[in-house]
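Convention: sequence-line order gives letters A, B, ...; per-chain numbering from 1. It should be emphasised that the depicted structure is a prediction, and the values quoted were computed from it without experimental measurement. No hydrogens, no waters, no symmetry mates; every other heavy atom, side chains included, goes into these values.
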Protein chains: 2
Amino acid sequence: MAMFDNKEKTNIEALGEFGLIKHLTDNIELVQPGTIKGVGDDAAVLDTGGKRMLVSTDLLLEGIHFDLAYVPLKHLGYKAIQVNLSDIYAMNGIATQVTVSIGMSSKFPIEAIEELYEGIYIACKKYGVDVVGGDTSASKQGLVISVTSIGYAHAEDVVYRNTAQEGDLICVSGDLGGAYVGLQLLEREKMIYLENPNIQPDLEGKDYIVERQLKPEARKDIVELLKDIEVKPTAMIDVSDGLASEILHICRQSNKGCSIYEEKIPIDPMTFETAREFNLDPTVCALSGGEDYELLFTVRQADYDKIKFKMDISIIGHITEPASGCNLVTRSGNMHEIKAQGWNAFKPKEAE
Amino acid sequence: MAMFDNKEKTNIEALGEFGLIKHLTDNIELVQPGTIKGVGDDAAVLDTGGKRMLVSTDLLLEGIHFDLAYVPLKHLGYKAIQVNLSDIYAMNGIATQVTVSIGMSSKFPIEAIEELYEGIYIACKKYGVDVVGGDTSASKQGLVISVTSIGYAHAEDVVYRNTAQEGDLICVSGDLGGAYVGLQLLEREKMIYLENPNIQPDLEGKDYIVERQLKPEARKDIVELLKDIEVKPTAMIDVSDGLASEILHICRQSNKGCSIYEEKIPIDPMTFETAREFNLDPTVCALSGGEDYELLFTVRQADYDKIKFKMDISIIGHITEPASGCNLVTRSGNMHEIKAQGWNAFKPKEAE
């Protein structure tokens, strides 16, 4: 009746999330002619005979990805959808359908699960996406949310991670680090609340970064903007694990290097100021924080004029030959090798 | 910092799984022109411009859907795939891709997660299905498995639940009740083992029903057979929750009644005999046990000659007008109303 042989064991934390996925998926043999791209990008790409279909899936677990002490269920439902749609947009596609599976303690009242679904439906309605299926189950322990999203793009429009070219400009939408700093704020208020439930949380004037954490918006608008101005990125990924982790994915998979300029990384003033209050380096928050769900993409230099004045897009560096590595050029002009400090769901997250 | 307002609360168990899904999905408005069928069948049906795409998703949670005390991880991975592919076959489609998300304690050794994936890959290889994506995360509590499967069918081949016609023959593949009786056996051996770990489990001669529980096979072969003999079912569903629950889905959604003949329900001799050992009625095990993953379908009477001698298909009754209700005709000739006693993941499962 033994569950499994425990004699030879290797700790999962040692590999980390990406290492583990690589370890488990390295030997997959694809047999379906319709499978254009399997594991290894933001979404799988399938040939349906017409347009390319994009499929992405995320699992959100209580205690790992969210804390119900400060995440309202409606926001959680909203975010669960955004996180997933973001992967479709990161392929330069448009999301059309989702399936949503929920595992929830039978002790939750119906009203709680309704709140969760309310957030799910609001997000879907806003982004024009249909909920087409799912599964609902009791859970013995925490809340479990699994979302799979489906989208489409014309075959020639699909953008992968592994196609950045030397000399390409590195761009990012919106601003970075806010979701992480917002999380620090919520964690602090939770601690204060646990010590003294009579003290109300003090989030005044911090709406923007709290919203960045609790209610992120996937950048469908950026995909539409790029289409309007006729710029097809050469590579793209969404920023779920922090800028450092994402640019390394693009560079490693494209077999290229990069230079990122610290002074060009877009950081909102409130993120900057609040990071300082927590004695955190705002640049480190942008590089390693994650959960911003912005789009990180590369474009040909020839497209520079088309994007240089776009308010919501920052050019933060360029792609180099692989030998020069992946580097951050600091404000003082020093070069630092970029290391992935992204989200590792198998290790407790720490500020650096 | 309150999680949600707890003032008005309704217990989830009161609604049950199907009631809850209906409650949460009743008001979904579909906006995508590509969404042919959303929630409410074995899989969603999407128009991709060519063939119809089928999408289904299942969430499996430790302590609810499986018990690691007697389910080897390799079998669990295998079963997680079969359960999901079964939904695609139940739409008369062929499965082509899956995504697999796993949440697992970081205390599990890599070798354990490898075993799980080995079962997943064996199942996918056997059924010609590609693993194209997924998500891997630590889990604070139990093991979480979420699988989404994708398949295709020509538009004219898709079979729904709600299209059974009066006079149609009701057919089922394979045999029923075995998975449930196998579960009773495993539960008994677990109890004996917990009381005295020196006693080895006694499963001798019970391979068939233990396999029915631990290693079910989705009936791709039946979909292929029906195509070969040119029979298109008028309605179809897979038997995940027991014959009673499934035939009620077909009848209610088709607005019809049915007569099922107890003596025609296919039950393997080992299932029959072992049910008796447990003082269980074998017919009740077939009606309410679930997890057999056979296909339950209706065909026109005109197709009778094509299926009557197919070894692995039993004709167990026929569809009637709605006014006569859904009835089981017992061996002694009595009529009993069929009630759903299927799997309710929000209530502990009990033998009746």
Side-chain angles (χ1 to χ4, degrees), chain A residues 1 3-4 8-10 12-13 17 20-21 24 28 30-32 34-35 38-39 44 48-50 53 55 57-59 61 63-64 68-70 73 96-97 99 101 103 106 108-112 115 117 128 130-142 144 146 148 193 201 345-346, chain B residues 1 3-4 8-10 12-13 17 20-21 24 28 30-32 34-35 38-39 44 48-50 53 55 57-59 61 63-64 68-70 73 96-97 99 101 103 106 108-112 115 117 128 130-142 144 146 148 193 201 345-346:
Chain A
M1 305 291 273
M3 204 171 84
F4 50 83
E8 291 175 53
K9 60 178 188 176
T10 316
I12 292 179
E13 283 178 23
E17 186 184 348
L20 178 64
I21 291 174
L24 294 170
I28 289 182
L30 301 174
V31 298
Q32 286 289 339
T35 306
V39 174
T48 63
M53 193 179 80
V55 184
T57 192
D58 275 307
L59 187 63
L61 303 176
I64 302 288
L68 289 178
Y70 53 74
L73 284 163
T96 47
Q97 286 97 1
T99 64
S101 294
S106 58
F108 272 73
I110 299 279
E111 288 72 19
E115 255 193 76
Y117 270 89
D130 288 344
V131 177
V132 295
D135 196 6
T136 314
S137 170
S139 163
K140 281 275 182 187
Q141 294 107 349
V144 174
S146 176
T148 298
Y193 176 82
F346 289 100
Chain B
M1 305 294 270
M3 205 170 85
F4 50 83
E8 289 176 53
K9 60 178 190 177
T10 316
I12 291 179
E13 283 177 24
E17 186 184 350
L20 179 63
I21 291 173
L24 294 170
I28 290 182
L30 301 173
V31 297
Q32 286 288 340
T35 306
V39 174
T48 63
M53 192 179 81
V55 183
T57 192
D58 275 307
L59 186 64
L61 302 176
I64 302 287
L68 288 177
Y70 52 75
L73 284 162
T96 47
Q97 286 96 1
T99 64
S101 294
S106 58
F108 272 72
I110 298 280
E111 288 73 17
E115 254 192 76
Y117 270 89
D130 288 344
V131 177
V132 296
D135 196 5
T136 314
S137 170
S139 164
K140 282 275 182 187
Q141 295 107 345
V144 174
S146 176
T148 299
Y193 176 81
F346 289 100

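- Listed by chain and residue number, V132(A), T148(A), V55(B), T57(B), T148(B) satisfy the side chain to side chain contact (heavy atoms under 4.5 Å, CB included) test with T99(A) (two or more places apart in sequence, or in another chain).
- For L59(A), the parts lying near chain B are the backbone and the side chain together; criterion is any non-hydrogen pair under 4.5 Å.
- Closest approach of T96(A) and Q32(B) over heavy atoms only: O-CG, 3.1 Å.
- Using a 4.5 Å cut-off between heavy atoms, I28(A) contacts chain B through its side chain alone, with no backbone atom that close.
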- Task: Begin with the C-alpha distance, continue with both residues' side-chain angles, and end with the deciding distance and a verdict on side-chain contact (heavy atoms from CB on, under 4.5 Å) for Q97(B) and T35(A).
- Result: CA-CA 8 Å; Q97(B) 286 96 1; T35(A) 306; 2.9 Å; yes
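- Heavy-atom pairs under 4.5 Å with chain B were tallied for G133(A), S101(A), G34(A); the largest tally goes to S101(A).
- The heavy-atom pair separating V144(B) from L61(A) by the smallest distance is CG2-CD2, 4.1 Å.
- Listed here is the closest heavy atom pair of V39(A) and V131(B): CG2-O, 4.1 Å.
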